[in-house]
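Below, chains carry the letters A, B, ... as their sequence lines are ordered, and counting in each starts from 1. None of the values given here were measured: they were computed from a predicted structure. Both backbone and side-chain heavy atoms feed into the values below; hydrogens, waters and symmetry mates do not.
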2 protein chains.
Amino acid sequence: MDKEKTVKKIQQFYQKRKRMPSFSEVAELIGYKSKNAVSKLVDKLVERELLSKDEQGRLLPGRLMRGVQVLGTVAAGFPSPAEEELCDTLSLDEWLVPHREATFLLKVTGDSMQDAGIVDGDMVLAERGCQPRSGDIVIAEIDHEWTMKYFVRDGAKVVLRPGNTKYPVLVPRCELKIAAIVRGVIRKY
Amino acid sequence: MDKEKTVKKIQQFYQKRKRMPSFSEVAELIGYKSKNAVSKLVDKLVERELLSKDEQGRLLPGRLMRGVQVLGTVAAGFPSPAEEELCDTLSLDEWLVPHREATFLLKVTGDSMQDAGIVDGDMVLAERGCQPRSGDIVIAEIDHEWTMKYFVRDGAKVVLRPGNTKYPVLVPRCELKIAAIVRGVIRKY
DNA sequence: TTGACAGGTGAACGATTGTTCACTAGGATT
DNA sequence: AATCCTAGTGAACAATCGTTCACCTGTCAA
């Protein structure tokens, strides 16, 4: 049986059932009648690092299961199908969210950050409990009002600068609380 | 044992081991000495839809395992911790990538789409094999050169319009191939 | 023709799975 | 004081898990 076909079948299984198949299930997937054949096949796939196994022998989902293919750049030309094989794969969840507990998603309204490429309707990935550095985009409460702005430290003074020349720079009068730092932007069409 | 604590322990286990724990493992996680207690506890968590089970009784990873919290909008004010409990969670992979096989990630170079909020260094999620509609952003080969532009249909004529007034509209001379449609944009800081 | 070898079958193995039963201890209610 | 209910223990159960063995085919090289 073709090894690539097997991996694809397992990928489909994983996507549908949200877990890795057992050896018997793999046998059923690719038409084998014996778990042993699967065992040998899996061992070879593990050797090639296309799959990996538990300490109990169970199959583990690797990057091939969750990820999305990563190709080159647009301007540099479109990669040919032959090159795609060599490319890496990436799990969006793992890539964008290193700390699940402290991270949340926020919908953006308004155009006050459009020069930063963040427009109305975008989703913003924010991480709580971090120390902001000058230049970071932050979710902040300034004088009892919530906004998303650039965090700029100018000597001892701290201001919030919008990413749009239409709006003024905000200087905190009585209070400034930084709730979270923006770690990523997501837009869906 | 606190039910929320249990779910969090399971979440940690899932994030570390990339699979759901067995009942014995759950028992070890939360300090039980009997699988039966776990069985009853899990049944209640399933009733509350905090977990779900296989047809074989095994635990399945739900949205709680993969997802990121979704909060409200920035301009509308920052939700209080009390509200967060009610909020939904979202798996980025499942949300952004409905068709894994046909989707890939591309790095953006240049500023030809900056008015669309796509700037240099962004990652773009593109889907192969779709019919583009007028107004979609596409990855295209025009006269043997690859670019990312708006796809605009004007009667029988088709042009590629950049998202930046600095650049001219592209009218295909000899050939225009649409390779993929841009489904999403991802930026990481 | 012979030998080696990869690929698959089928059956048995111990280990671990989720489920189920009987049972105990502690609170709360009646 | 008597009752009910929840929460947890411990042991037994069939089912399934991954592994391993002997065995049967082809195919390719010597």
Side-chain donor-acceptor contacts of residues 159-173 of chain A below 3.5 Å, not counting sequence neighbours, with atom names and distances?
from	atom 1	to	atom 2	distance (Å)
Asn164(A)	OD1	Lys166(A)	N	3.1
Asn164(A)	ND2	Asp111(A)	O	2.9
Lys166(A)	NZ	Asp111(A)	OD2	3.1
Tyr167(A)	OH	Asp111(A)	OD1	2.6

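Partners of Gln131(B) by side-chain contact (heavy atoms from CB on, under 4.5 Å), not counting sequence neighbours: none found. Not a single side-chain hydrogen bond (donor to acceptor under 3.5 Å, both in side chains) links Thr103(B) to another residue, sequence neighbours left out. Under the side-chain hydrogen bond (donor to acceptor under 3.5 Å, both in side chains) criterion, Arg100(A) pairs with Gln11(B), sequence neighbours left out.
Here the closest heavy-atom approach between residue Val68(A) and residue Phe104(B) is recorded as CG1-CA, 3.7 Å.
Distance, Leu45(A) CG to dG7(C) C1': 14 Å, rounded to whole Å. The NZ-P distance, from Lys44(B) to dC5(D), rounds to 13 Å in whole Å. For the pair Leu60(A) CG and dG18(D) C1', the computed distance is 14 Å after rounding to whole Å. Taking atom CG of residue Leu51(A) and atom C1' of nucleotide dG18(D), one finds them 15 Å apart after rounding to whole Å. At whole-Å resolution of the value, OH in Tyr32(A) and C1' in dG18(D) are 17 Å apart. For Asp54(A) and dT19(D), the CG to C1' distance is 15 Å, given to the nearest whole Å. Rounded to whole Å, the distance from CE on Met20(A) to C1' on dG18(D) is 14 Å.
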For nucleotides 17-20 of chain C, print each protein N/O atom paired with a nucleotide N/O atom at under 3.5 Å, atom names and distance only.
from	atom 1	to	atom 2	distance (Å)
dT17(C)	OP1	Ser22(B)	OG	2.9
dT17(C)	OP2	Ser24(B)	OG	2.9
dG18(C)	OP1	Phe23(B)	N	3.4
dG18(C)	OP2	Phe23(B)	N	2.8
dG18(C)	N7	Lys35(B)	NZ	2.9
dG18(C)	O6	Lys35(B)	NZ	3.1
dT19(C)	OP1	Lys53(B)	NZ	3.0

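Put simply, the side chain of Lys33(B) and the base of dG10(D) share no donor and acceptor less than 3.5 Å apart.
In the helix from dT1(C)-dA30(D) to dT30(C)-dA1(D), the terminal helix axes, each the rotation mapping four pairs' C1' atoms onto the next four within five end pairs, subtend 10°, rounded to 10°.
For residues 130-140 of chain A, the set of pairs meeting the salt bridge (Lys or Arg N to Asp or Glu O under 4.0 Å) definition, not counting sequence neighbours, is empty. Listed by first and then second residue, the salt bridge (Lys or Arg N to Asp or Glu O under 4.0 Å) pairs that reach into residues 177-189 of chain B are Asp122(B)-Arg187(B), Glu127(B)-Arg183(B), Glu141(B)-Lys177(B), sequence neighbours excluded. Residue pairs meeting the salt bridge (Lys or Arg N to Asp or Glu O under 4.0 Å) criterion with at least one member in residues 148-157 of chain A: none, sequence neighbours excluded.
Positionally, the nearest nucleotide of DNA chain D for Lys40(B) lies more toward the 5' end than for the other of Lys40(B) and Lys40(A).
Follow the hydrophobic side-chain contacts under 4.5 Å out from Phe13(B) and you reach Tyr32(B) in the same cluster.
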